[in-house]
Structure formats: C-alpha cells, structure tokens
Amino acid sequence: MLWSMVSNASLRSNRTTMEASPLSINTLCSLIFCFHSSQIDDKEFDIPQVDTPPTLESILNELEDEEEPFVLEDTCVLSTDNMDAHSCETSSLASSDSGDPAHLKRKRKTVDLNTTVHGSVLRHNLLKGISAQIVSAADKVDAGLPTAITVSSVIAVGTSHGLALVFDTNQALRLCLGTKTTGAEFGAVSALSINHDCSRLLCGFANGQITMWDLANGKLLRTITDAHPPGTAILHVKFTDDPTLAVCNDSGGSVFELAFRRMMGMRSCDSRCLFSGSKGEVCCIEPLRAPPDFRDHPITHHSLLAMASLTKILVIGLKPSLKVWMTFPYNKSDPSSVPQLAWHFVPVQKTVNPVLAFCKGDIVHFLLVKKEESGAIHVIKQRQLHLSCDIISLSWINSSTLVLVDSREKLLVVDRPSQEVLETLDLEQVQLVYNSRHFKSLATGGNVSQALALVGEKACYQSVSSYAGQIVYLGTKSAHIMTLRNWRERIDCLLKQDHFVEALSLSWSFHEGTAKAVVGLFGDTVKRKGVISDKMVEILCKFAEYALKKCPEQGKIQVMEQHFQDVVPVLVDYCLLLQRADLLFNQLYDRLVENMVAKGVFLEALESYIVVDRLGHLTTPIMRDLLAHYHDNGMMDSLERCIVHLDVTSLDIQQVVQVCWENQLYDAMIYIFNSGINDYLTPMEKLFAVIGPPLREGRSLTDEEVVIGNKLLVYISCCLAGRAYPLGDIPEDLVVQVKNQVFEFLIRLHSADLSEEEEVFPFIRTLLHFDTREFLNVLAMTFEDFKNDKQALEYQQRIVDILLQVMVDNPDFIPSQVGGLFTFLARQLAKPDNTLFVNRNLFDQVLEFLCCPDDDSRHTERQQVLLELLQVGTVVQFNEGRLLALAEKAKFYQICEFLYEKQHLYDRIIDCYLRDPLRKVEIFSFIHNLLSMPGYSPEEKQTVKDKVLQHIQVRAYIHMLHQIVELIHTNYCRGMTFPEKYHHSEATAYLLEKKGDIDGAFSTLRLLTAGRQSKAEVAGEKQDEGKIQRDSTLTKVKDSLSDIINLCNRSSHNLFQQQREALWFPLLETMMDSQKRVNKHDAKHTSEVLKELTMKVLNCMSSFISLPAIIQRILQDPVYGTGKLAELQGLILGMMDSFNYEQILLETTTNLLNHDLHWSLAHLRAAVTRGLHPRQDYCNICLQQYKRRQDSVEEIIVFICGHLYHVQCLQQKDSGCGISLAAHQQWNCFKCSSSHGGRGGPSIEPNRECSTSLAQVSIFVYDLFFYASFIDSFQYVKPTDRHTILQSILLTTTKQVFLPFSFIHSCSYANSGSRGMLEPIPAHIG
C-alpha cells in the first residue's frame, strides 16, 4: 500500500535533525504523483472500488493492523522464573506453514490432535521511520547506502560514505556521526558495536580504521589506526562485557584484542594479536555477552570469545590470562558456506549456562559451556540440528528458538528441543545487505585469500543484529524487525483468516503445554489453562456463529450436511476436551437447533463420542431429540450402540424399552433391564419366548430368530462368567447372585407359560436344539471356574444329569449331537479335580463313542479327550486289551503309545509312530531319547534297536541319517560309529559334511573312489573275465565320482579360490593317475570310461576355477604334457561342447516354463472369470436361503457342480478334521463327495478339472525342483532308484495340481541326466 512506504514516526521526529519532515513530504508528493500518473488496470490488480477515496491526512494518521511502535527493551531479562520452560520440553509431529495457500483451503472433517498447528510465529514489522530516513539521507546529504546495523536500546546504521546514523526507540534520528571527509579517508562503515550500557559506539571501516563515539553527545573519543596490520578491512568489531575491552577481526583473518586506557585525561588503546591469519583465517568472532540478570555468572569472569575460521571453531578465554578452552573442526561442507556463531544463556537442569550455536553449511552444532567448582571450564557437545539448506545467518530469539536465514533468503524459525521448523518466511523483499566488498577488501586493493573471498560472497554478518528477543535485518533501502508473537496474537492471526479449526488446534497446544515458541503465558499451570480455556470458549462460539452464517441457503442437502460435518465434530470434540458439556448442550446446541440440517449432524456426531465412552450422560432434551432423530431416520443400529454406552439415569426407561422392543434392539433392552433395574431373568424369558415355539414345532428358524438365539447364548455365557452384556462387568456384589439365578432359571422343570405339550426342562432343551455344541461350550467355560464353590458344583452335577436325561436315548437328537455331549462329558471327567459322577454303563458308552472307527469327524479332538482320561486315571477299570483294540481300529496311535509305554513294549511304539502321519517325523527323536536317556533297561533298548534295523530300507536310509545328524550333532563320536560300523563311506562323508569338516568328507569319498578305480583297473586287465563284472565296477566308480563332485559343488560356493583349487585339483590328479595306469595295461574300454569321467570333472570344476589354471595343471601332468596336441584339443573341445549343451538345455527349459506358465495363467483366468449357475438358492448343509438376512455379508461358495454352501457351514462340517483353515484352502463339494463315500472339507485330491490357484502352481513348481535337487544331491542312491523316486513324486504331486505333461517332462529331463548340472535351473526359476 502507498502509506506503507512512509513512517509516521519520521514525520513526528525532531525538525532539527537533518530536515526529516520536508524530505518525507517531498518524497510522498513525488510518490503520489507517480501513483496517479501510472496507468493501472483495476481488474488486473484486483483493486476493490471504494465510495470515498482516502485523503492524505487519513493516510498519514492510519496505522496498519500489524504496525506497533518500535520499542527496544532497556534490559534483557532472562531468568528461570520468566522463562517459558515448558516449551523446551515439548515435541510435535507436524508443522504448518501459515503462508501456504493450499493449507488455507484444506478442510478438516475430523479433529486430529496429533497434528500441531503453529500459526504465524514471527511478527514482521517494517521500521518505516528508519527506512525513510536511510533513503532520505542517501538522497539529500549523500550519506551513502546502508552497510551495517547494530541494535541495543538504540539502533545504529553505518553507511557506505563513512557515516553512522543513530536512532532512538521512536525511530527518530538522534545522531549523525562522522563526516563525508572522514568517510572519504576511512571508507565505508564495515562493522558496528554498542557496549552494554549503550554509552559507546565502535565503528570499523573498510580501510582498516576504528573509531569510538560517545552516544550521549556524539563526540568522537578515539580514532584507532594501528590496531592491526594496514591494508586490511575491519570485518568485525565487538565490545565484551568489560567496557574497557573489545575485539576486532580484519580481512587478513587475524583477531586482535583492544584494551582501552585513560590516564591523565589521555585516551589510548593497546592492541594484542589473539589469532594470526597465517594459521587459518578467522571470518567470524562472537564474544559472550551476558544479559543484566547474568552479569554475576561465574563464566563471565573469563571473557569468553568464540572464533570461527574456515576450518574450525575455537573458544578462548581472555581473562585472567589468554587460554584456549576448546577447538572443534567442521564437518565436510561447501567451501562457500559462511561460518556462523551465536551465544545464548539457556536453562539446563535447573541451572542456566551459556550455549554456543555454530554452523557452516546445513548442520547447526550446540556446545554447552559450564564452569566447575574447581574453576575449570567444560565444553559439552549437545544434539545437532540438521537442515536441508545452506545457512548464512544464525540468531537466538529466545532460549529455545533460533531464527536462521538460508542462501535463498528464506527465514526459518526453528524450535531447538524438537528440531522442528515452526515457520518459513521469504526475505526477498528485504533485499539484505551483503558484506562481500569488505571480505574481499576491495577498498585496500583486494589483498585477501581466495577462500575468504569465496566465503564473503554470502556474508551478511553486519546486516543482522539481535537484542532482547528482537532481530533487526538491514536491507538496501529499509530496516525490518522480527519479534515473536504472543499466544493471543498467534490465535488472532488465524481467526482473522477464518481458520477456526487451526486456531482451536493451536489453542489446545497452548492448553496442553505442547506449543513451541510461546510468549505471554505466565503463572501456574492451572491459571494458564483457565485463561486459554476462556479463549477457546470464545472461539467455539464464534465458530458456531460463523458456520450458521456461511451455510449455503440454497442447493443440495448433501452440500449443507457436508458444511456442518466439517464444523460440528470440531465443536463437540473441543467441548469434551475442555470438559464443558454445559457449553455443548446449552449454548452451542441451542444455536445449532435453528438449522435442521445442523441439528441432525450434531445428533449423529454424538454417536462416535458415546461409543468410545467420552460422552456418557445426555440431558433430557438432547436424549429425546436423539431418540426421535435416529428413529425417524431408521438408524436403529446406531441408536442401540449409543444406548448401551449411556448412563441409565439419563434415559427414560419406559420410552427406551418400548422403542427397543418395537425395533428388536435386544442388546439395548438387555442393558436397560440389567443396569436399570438389576433384572437379569426377564430378558432371557423374552428371548426364549421368541425362539422356543419354532424349535419345539420343528420349524426352521428365520434370520431374526437365529440372531436372537446367538444373543441368548452369549448373554447366558456373560451372566455365568460375571460379565455384563454387551460390555463391562457385573457389579461384584451381584456376581454370585446373578450366576445362581441363571442356573435356577435353566434347570426349571417348566416355564411360566406352561402348555400341555411342553416337555420337562424346556429351556435346556431349547438351547440344545438351537446349537448343541455352542451351548456345551458355554457350560464348559462356566465349569472352568467351579473349584471350591459347593453350590456351584451342585449346579454342575444337576445340569449334567439333566443333559443325560434329555439327550441319551432320545430320537430328537441326532448321533452327532449325542457325540458332542459325550465329548463334553469326557473332558469334564478328565479334569484332575473332577467331582462329576457318571454311572458305569454311561461311561462305557462314552468310551465306545470316542473310539468309534466309523466316525471320522473330530478325530483329533476325540483322541485328545481319551488321552486326557487315561492320563488322569479315569479309565482304570476299563479292560486295557479291549481299549487297545478299539484304539487301533480307530487309529488312535497316541492312545496305543500310552498303553504300550505302560506295558514297557517300546518296540511297538515305533510302529505307532510309523503309522501316524502326523507324528511320523518324530520317530527319530523318540529313538534318540530312548537310547540316550537313563531309566530304560538294556533289554528294552536292544529290542528297540532290533526293531529299528528291521524297518531300515535303502531308500529311507539317507533320510534317516539326515534326521540322526540333526538329533545327535552334539555327540559326534556316537553318530560316526554308527555308519562306520556298517561300512557306509557315503554316510560317513555325509556326517562329516554336516559337521563342517569338508576336507574329511572329501578324503573319505576320494578314498572310496580310488578303491573302486583300483578294482576297475584290475577288472580291465583281465580281458578273459565277464563283461558284467567290469561294467558293474565302472558303474560304482561313476557313482562314487558323482558323490565327490556334488560335494565339491556344494562346498565351493563358500570357499576362496585357493581353497577351491586345493579341493578340485587332487580329484583331477586322481583321475589322471588312474587313467595313466590303465593306459599301460591297454584296457581300451576302461580307459575311455575314465576319460569321460575326467571330462566330467573338468566340466564341473570349470564353474569354480579359471580355465588357464586348469590347462596349466593339465599340461604339468605327464599324461598330457608329453602327449600329442590332439589329446589336449579333445579336452578343450569337450569343455566347449559341454558349455553349448548346458546353454541349449537352459534355454529350452526356460521356454518350456514360460509356455507352461502362460498356459496355466490362461487356464486360471478362464476358470475364475467363468460364471457359475447354482442349482438351487439354498445351502445344501443347513437347507436355508443363501442370504439369510437382508443386511447379511455372509460368504458363500458355489462349486462347478452347481451346489451352493455357506462358508460357515462348510467350516463347521470340517471342524473335527484337524485341518487348519488356511487362507488358500480348497474345498470339495460336500454333497458330491458324500455320495462317493467321502466327506466335505478341504480338498485332499481335487478333480483335475478344478481350477488351480496361481499360489498353488508357484508352490508346486518350487517343491518339484526342491525334490529333484534333493534327490540329485545324493549320488550314492542308484540312478534307477533316483529316477523312480522322481517319477513317484511327480505323479503324486500332479494329483493335487493340474499341470501339462511337458512341464513335468522338462523337470525329469533336467534332473535325471547323468551330467549333474542342476543348480542353474532352480536358480532361474526362482
């Protein structure tokens, strides 16, 4: 705006100071003339029309909203009492940029208390009076452009023509120090400093001079020309806390101490060099200056000075003698980065000590300086602050907040404890003054180093000055001041922009003490929270008024609802946080009721707070409106959820009960009866009255009746367990009473509404007919708590007697229901503290049922129950022989094991493990434990050993050895004697390899191979002997060589090159020596076979050893070294042929896999996209409609055959199979499988036409190659056996997953060849 370019203060200043007023008026007139003469398009600049143009007087007399008189504090108070300590201990998860337009447009639908809003933290003011007079001085008296600024209780501005302008707190020019003549001699003012009592001003100049001025009268006190070497500019000059001591830094990188003396009326200055630029150029200095409250701090007696060179930081003490206290090198950073230093006294652990913040680049370091009682100074490194910008200015604005400026002239407000950026401002309009000319020392000839000149490009040390929580920035034509806003200002800034949600969030952070950079909150916590709460109440009222005012009067109802949905939850949430339900239900609700849409949104918004128990009591009018609104809009489920969480005293019980019955809100009805009038039986009577009649009549239950039955079971379970329904707990003084009442109700002989056809115990019968298994589960859980309660044990016995009376020999119950009862009884009888009594005949029936071989359902559960009975000794009088026969017939192998162990028949237990598919793999653990543990006689152990040897077969031998290795790896000697005793070198090598002794395993197999080669050589010499014996011997040599090659292949991956050569070359030499001996005897056939085997070794070792090393080793052998080139050529060509063969094999296999995978995916896609038409619209198990409720989300399964099932029904049918319900489980049609003698549940052998999932195909491919690799790794199994095993695995696997034959053939071909190169294929598959 026009009037923002001129300061009122300048017009009101003293007319004797440089004719400020005429200058300002002339400038204003010229600006007005330019303004009117310019052609401005109102539409382009969006200038609003005004009725009456402003006059010149109104412009001059008007203050901006943000404009405040610039008042500099005379003292800097920094005590722990006035300090905002709580802001130092907080952290935040997010920040908000108040200048982000996108942020202003965001809508908040819900209140997120984890998001911290900071608002506008800094108040940015233009010092209009100072700015105007800087421009005026440059134009009128040729004072030059501003070059430096410093602030204390006055502000001093240096100019490029050597003048220093001093302004008071009203921005009036008090002094103009210096003349243009001295300016022409000394050059520009390059540095300024004011002492602590604001009586002296030091000016440093570009030509190297320093002057001292008296600020009381403007008198020049000293002119210092010899304090430092000539020809260098003054970069910094600063007072210390001692008024007679100052320090300066020149463009040569040196630092000097200035000691001021006055003797006999003569003023003098003594200079001492503190740091020479020849040791590293210093470009920034900062003495520690204590605020008035800390002038007596013990650290001040040392006059600490921080110096920043281009490579490190130094902290030295000037008193009592010069001493270096600390040096700290920089991290690697950009050479052009500007070092920064800033001191501040910070409270740490109830003490206040100075902290030095310094940086060079993007990392700010903090050093805590403290003085010990011994007098030593300790420097402690604090946590670093990492930023993503190059910092050119660093200032403290309070003890926990820093203000930084980066190289893009972006101002960052950073909270040091949380390292969070609170606000970002753009200083581009400030046009900061840079000190590059002085760092380059252009006034004295530019005699500076390139490194210092490079740093000077971004140096703006003299353009930033901080004092008493205020920071002043000097621009080329203006001066700006930054201060922290107080907490009210920050909130009001958001309110002015109608950001009510953000204002409330910021207010709440003030309330909870999590806000950052807080100013203006004093007193104790309770008082602060009270003040902030009042402010938040004011904001909430304004927000409600604003929402009603801004509500769209016309348009879709959805638009109005969305408008209030963005407002109402915020109002409710903050009223509850402030615990001001009176404000919510009286003032705010009374205002929102005026708008029907707002009223509805308000009532619906209460639900989310009621169900999480944040709101438990409603006023009578609110409750009445809530019932009416939810009822009229059909939101009965929401109403029920609200009722069960509300305090009963706030409800009209009669009205609510009536609404619950009319709308079938059974949970709410039970809650009201229980909590309101302590009646736990009436709800059960009413629920039984609903489901009892249809069950007695044999009719199928409707969806609503099924829901009621399930609620009834859960309600009974809660009452018996001492829990309230649907949530909470029954009062402790009522737990026993309620439990007894429920038991008495269940065992009633007749109901209150007795009819002629009613049978005895109607309530238990109803529950058994509804869901036998779940009712028995409820009883089982209840009986778990019956221990020392005599009355409860009587109820337990009574209920068991009633169950037996009602269900046994009753045709109304199917065998599976009676079986469930028997299982329930068996579990109760198996408890160690069982007190139930069951007659002998009934107990025999239970055992007969548990051991029934014709019933496959719940096989594992029945076996476990019987085992528990045996373990507690309940089956003492039962015939063990008959029980054993029943267990074997039912395939209860754990029962058989228990009985055999009781009879010490441990050898028969081995048969139990072998027959039990679930525990077959545990047989080796059993054998190991029995043979190694004490307590078994030698005869018993010998019988077990004999039984084991009977069951050992060639194919299972390797697998058994692998298991033995895992079991007895801690007792290696015992494991080694077993295979050595039976002369199994392969097994010995296998054990050695598992132990990690590769060399031992290699030596064992090498000896075996050498022995078989010797036999082959002898057989080759005897030409007259049969061909069969010779071929058999050569076959054994091939098998032995394959074993040792596989060992080398497996081991080479984990060996170094030299270790690989030590492993492979002895094998190659063995083959060459054998071939040499055979050549002497002229055994042609044997020689050819050994040559082929040698080629095989060469092919395999070429994958791990370089070809030149192999050829060199071959040439060193006499067999090839003295022979013809043709022999060597044959070896090399053979190796090349092998490479070509493997490449073709790999490409062929890859093509087959790609083709078959494409075919499988196409088949799967066709299967899953094909529609299925069910034969009927009901489940073939429960015979109910597939959609039992309109709002049901039940899952159904439709099979290719057309039969339809509920997933829950299939799971219940298969619940006793012991098969876990995995996510990728397949199902068989229960009806179709039952007609073929099978049963439903997870598919064991699905039809080939059933589609296979991609996950199953992937698992199959992986398992197929795993089996092939596993078989191929054991070369001591015969090739014919290996091929047969692979075919068996393929045939067995393809019963489960349908894959084309070409894929299976490729796997067989890749794994059954004699070349043994299997590794690349599964690697490419994976």
Side-chain angles (χ1 to χ4, degrees), residues 10 13-14 16-20 23 129-168 171-195 198-228 230 232-239 246 248 250-251 258 260 267-269 433 435 437-438 441-444 461-463 465 472 474 476-477 479:
S10 64
S13 62
N14 194 334
T16 63
T17 58
M18 296 184 63
E19 300 179 349
L23 174 64
I130 296 176
S131 302
Q133 299 201 54
I134 289 174
V135 175
S136 175
D139 293 340
K140 295 298 183 180
V141 298
D142 194 22
L145 297 176
T147 56
I149 193 169
T150 187
V151 58
S152 180
S153 54
V154 296
I155 291 182
V157 178
T159 69
S160 59
H161 289 176
L163 301 181
L165 309 179
V166 181
F167 300 89
D168 62 13
Q171 304 184 47
L173 182 63
R174 284 179 47 191
L175 298 170
C176 178
L177 306 177
T179 62
K180 289 193 289 183
T181 304
T182 58
E185 179 183 357
F186 295 165
V189 175
S190 58
L192 294 171
S193 179
I194 301 175
N195 63 356
C198 202
S199 62
R200 299 289 185 268
L201 172 68
L202 281 176
C203 297
F205 292 90
N207 290 341
Q209 295 83 357
I210 299 174
T211 59
M212 177 184 289
W213 300 86
D214 187 342
L215 291 178
N217 52 26
K219 182 180 179 181
L220 177 64
L221 301 179
R222 289 181 176 87
T223 300
I224 306 169
T225 59
D226 56 353
H228 64 101
T232 56
I234 297 295
L235 300 182
H236 303 274
V237 59
K238 293 181 182 291
F239 275 108
C248 69
D250 63 13
S251 59
L258 306 178
F260 305 116
R267 289 183 172 89
S268 63
C269 176
V433 173
N435 313 127
R437 293 180 58 86
H438 310 316
S441 194
L442 298 181
T444 59
Y461 295 111
Q462 305 305 323
S463 304
S465 180
V472 177
L474 179 64
T476 56
K477 295 183 179 180

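Values below: every heavy atom of this structure, side chains too, minus hydrogens, waters and symmetry copies.
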Problem set entry | Side-chain donor or acceptor of Gln462 paired with backbone N/O of Ala191 under 3.5 Å | no

For this session: Kindly indicate whether the side chain of Arg174, heavy atoms from C-beta on, has any atom under 4.5 Å from the side chain of Val154.
Result: yes

Problem set entry | All side-chain contact (heavy atoms from CB on, under 4.5 Å) counterparts of Thr232, not counting sequence neighbours | His228, Asp250, Ser251

Exercise. Between Thr444 and Ala206, what is the shortest heavy-atom contact and its length?
Worked result: CG2-O, 3.7 Å

Exercise. Hey, does the side chain of Gln209 reach the backbone of Cys203 with a donor-acceptor pair shorter than 3.5 angstrom?
Worked result: no

Seminar exercise, completed: For Leu165 and Ala137, the nearest pair of non-hydrogen atoms, with its separation, is CD1-CB, 4.1 Å

Exercise. Does Ser465 reach the main-chain N or O of Val472 with its side chain, forming a donor-acceptor pair under 3.5 Å?
Worked result: no

Exercise. Are the side chain of Ser190 and the backbone N or O of Gly204 linked by a donor-acceptor pair below 3.5 Å?
Worked result: yes

Problem set entry | Set of residues satisfying side chain to side chain donor-acceptor pair (under 3.5 Å) with respect to Ser131, sequence neighbours excluded | none

For this session: Only counting residues at least two apart or in another chain, list the ones meeting side chain to side chain donor-acceptor pair (under 3.5 Å) with Asn207.
Result: none

For this session: Using side-chain contact (heavy atoms from CB on, under 4.5 Å) as the criterion, list what pairs up with Ala156, not counting sequence neighbours.
Result: Thr150, Val166, Leu192, Ile194, Leu201

For this session: List in chain and number order the residues that pass side chain to side chain donor-acceptor pair (under 3.5 Å) with Thr223, two or more places apart in sequence or in another chain; answer none if no residue qualifies.
Result: none

For this session: Give the minimum heavy-atom separation between Lys238 and Ser193, together with the two atoms involved.
Result: CA-OG, 3.4 Å

Problem set entry | Set of ring pair (Phe, Tyr, Trp, His ring centres under 6.0 Å) partners for Phe205, sequence neighbours left out | Phe186

If you look only at distance, which donor and acceptor atoms sit under 3.5 Å apart when one is on a side chain in residues 212-219 and the other is two or more places apart or in another chain?
{"unit_1": "Trp213", "atom_1": "NE1", "unit_2": "Thr211", "atom_2": "OG1", "d": "2.9"}
{"unit_1": "Asp214", "atom_1": "OD1", "unit_2": "Ala216", "atom_2": "N", "d": "2.9"}
{"unit_1": "Asn217", "atom_1": "OD1", "unit_2": "Lys219", "atom_2": "N", "d": "2.9"}

Exercise. What residues, two or more places apart in sequence or in another chain, satisfy ring pair (Phe, Tyr, Trp, His ring centres under 6.0 Å) together with His161?
Worked result: none

For this session: Please list, chain by chain and in numerical order, all residues satisfying side-chain contact (heavy atoms from CB on, under 4.5 Å) with Asp226, sequence neighbours excluded.
Result: Ile224

Exercise. What is the minimum heavy-atom distance between Pro146 and Val157, and which atoms define it?
Worked result: CB-CG1, 4.0 Å

Seminar exercise, completed: Correct closest heavy-atom pair for Leu221 and Arg200 would be CD1-NE, 3.0 Å

Problem set entry | Parallel, tilted or perpendicular, as decided by the 30° and 60° cut-offs, for the rings of Tyr461 and His236 | perpendicular

For this session: Report the C-alpha separation of Leu145 and Thr476 in whole Å, then their side-chain angles, then the decisive distance to 0.1 Å, and conclude whether the side-chain contact (heavy atoms from CB on, under 4.5 Å) test is met.
Result: CA-CA 7 Å; Leu145 297 176; Thr476 56; 5.9 Å; no

Exercise. Can you list the residues that meet the side chain to side chain donor-acceptor pair (under 3.5 Å) rule with Ser199, with sequence neighbours excluded?
Worked result: Asn195, Asp197

Problem set entry | Nearest atoms (heavy-atom pairs only) where His438 meets Thr147 | NE2-CB, 4.5 Å

Problem set entry | By side-chain contact (heavy atoms from CB on, under 4.5 Å) - contacts of Leu163 (at least two apart) | Ala143, Thr159, Cys176

Problem set entry | Neighbour count above 12 (heavy atom, 6.0 Å) for Arg222 CZ | yes

For this session: Find out whether Ile155 and Ile149 are in side-chain contact, i.e. whether some heavy atom of one side chain is under 4.5 Å from a heavy atom of the other.
Result: yes

